[in-house]
Amino acid sequence: MSQMAKTIDPASQLMIECAACEGIGLTWDRLEAMQPQCGFGKLGVCCTTCQMGPCRIDPFGTGPSEGVCGATAQTIVARNLARKIAAGCAAHSDHGRTVAEALLLAAENPDSGYKIKDEKKLRVVAEEFGLAVDGKSVEAIAKAVAEACLGEFGKLHGELVMAQRAPEPRKALWRQLGIMPGAIDREVVRLLHQTNMGVDADPTNLLLSGMRCALADGWGGSMMATDLQDILFGSPKPIRTKTNLGVLKAPKVNVIVHGHEPVLSDMLVEASRDPEILAAAAAVGADGIQLAGICCTGNEILMRRGVPSAGSFLHQELALLTGAVEAMIVDVQCCMPGLPRLADHYHTQIITTSPKAKMPGVRHMQFDENRAYEVAKEILLAAIEAFPKREAARVNIPKEEVDLVAGFTAEYVRTLLGGRFRPSYRPLNDAIISGRIRGVAGVVGCENPHLTQGKSHVDMMKELIRNDVLVVSSGCSALAAAREGLLTPEAARIHAGRGLAEVCEAVGMPPILHVGACVDNSRILIACCEMLKEGGLGNDISDLPAAGAAPEWMSEKAITIGFYVVASGIYTIFGEPQPMMGSPEVRDLMCREFEEIVGGRYDFEADAIKAAHMMIEHMDRKRAALKLQPMMYEAAPKELALASA
Ligand code: NFS
């Protein structure tokens, strides 16, 4: 692995070199120290479910073919995957629950600091839940919606309300297969039960239950997080801002918010403008506060507030190496436990805020939603206190900061394409039907030090847009594209095929639409439903010329997302590493049989360009089945010269 470049980002590269000079270990060094990693674990054939083990099955057939209990590779691989799905669903959905609780607080406690920002969306969701809205105050509606949403986690009977948004044929299929999700918590518990020692041994049954649990995330917990965040913090609209480590500013108190829940980060944005905070910053000689995000909470405040993003998952350590970060405020998910040891080399304070996520020896300032604004101010004051301890000689902020446009919701795309007076998906459908746009690809997910940071995301997206595929992106994937300048309207002219470029230029949109954080992959599902409703592209999501990919995934949440996308009928490609490879039966199930069962399936491909072409071929097959017109133009040349514009 030492031969492979660690990143394609010059700012990251500079910081990695800086760490090497200072003798500071990073995630890449820990990965190298971990070599050789356990081959059984990599392939998913290591079972630690009970204490008769750990057991591992030899994939080459020279060692044991069964665990101590008799579980074969297919059972172990499927069971391990299912457990990851449950964990991913739990993480996304508990995030959704936190937002529902904050919405309840906003409704009941006017002093909480939370306000309802999108009343229109509140009413839409209320009606969807069958709640009375006429003559009721906003607070009363919000309370009813919050309680109804909280009820979705543990309701005794019935299907998830938001899952009813899926097209009729899809819902009928889910019911027929027994995978229509009910109460969200119940789906997680059921899957954890099913994967206990000596319960389910059948890979198909295990993975169908995995789909059911994953659907409870995509069409439940994640969708709820997205919608309630829009209601509480405002629905995003396209907004121009910047990303990469250059957004940190030496004269300012730099505060990084890292994690996932905007319940905290959005309040920090408010508090960072408080005159008392600004005065405190001035008193220590700082020129104000520079807030910047990392990971998905960064995406949340980026697309709603225009707060710049310092970077994606693998930037979290690199940001600290600038020597200019006074505090990194973490909440939940994707925050590396190694951060405090790295911060010890600098004046940087790591501050944990969630009762669910503490780090040994690290300052904990519990975020209490009842006094959210006050706690946010206390956190910022702690950051300001650290400013005078900064060692000026060690400050090393890379210059890279790149423009991007983010904040494309499924709702906003209507206005964007159809205009303010005739909002509609019609122009998008027409562009696909007429062969101007080939189809839509969702490129999402994490970064992984096993791979060159950002390379697969960028290679795949460039190849897709060059072939007239409209890309929607979220999470760390969108930030990787942003660092390459691909999230600007100008990028269409430079990188997109002629058909896609024509559409982008007509409405002034980038060829890659940043739809938000990973929970906002639910927006992609809704956009698919909108395209179907508009007509001309089939009756079910599996009819659409659409595909998904997570080329650099690492988190359990990514597996859950992959499963709900496939179960929704979408062809999905994952890059390496693959804990499904240890069982040819499970691989065959996921890559072939799934298509017959749910109309969507997996593929695994490490080469991003090859994977892009597999997605393109899939779209072409769907186009042919729908009898759409041939593509209008050839793909753009590989190095589309600026001069041609
Ligand atoms: Ni998604 Fe967001 Fe990034 Fe991966 Fe982590 S931040 S929720 S899990 S690493 S994309």
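Atoms within a ligand are numbered from 1 in the order they appear, just like the ligands themselves. Position 1 is the first residue of the sequence; numbering continues from there. Worth knowing before you read on, the calculation uses all heavy atoms, side chains too, and leaves out hydrogens, waters and symmetry mates.
- Of the candidates His95, His92, His260, Lys557 forms a side-chain hydrogen bond (donor to acceptor under 3.5 Å, both in side chains) with just one, namely His260.
- Nearest heavy-atom pair, Thr353 versus Val330, reported as atom, atom and distance to 0.1 Å: OG1-O, 2.7 Å.
- For ligand 1, the atoms sitting less than 4.0 Å from at least one non-hydrogen atom of Met554 are 9 (S), numbered in the order shown with element in parentheses.
- Around atom 1 (Ni) of ligand 1, the protein atoms of type N, O or S found under 2.8 Å away are Cys518 SG, listed by chain and number.
- For atom 7 (S) of ligand 1, the closest non-hydrogen atom of the protein is His260 NE2, 2.9 Å.
- The closest side-chain donor-acceptor pair between Asp520 and Thr226 falls under 3.5 angstrom.
- Other residues, nucleotides and ligands contribute at most 12 non-hydrogen atoms within 6.0 Å of the CZ atom of Arg186.
- Asp230 has a carboxylate O that lies under 4.0 Å from a charged side-chain N of Arg523, or vice versa, which qualifies the two as a salt bridge.
- Using a 3.5 Å distance cut-off with no hydrogens or angles, the side chains of His450 and Lys42 do not pair a donor with an acceptor.
- The structure places CG of Leu314 at 7.5 Å from CG of Asn448, a figure rounded to the nearest 0.5 Å.
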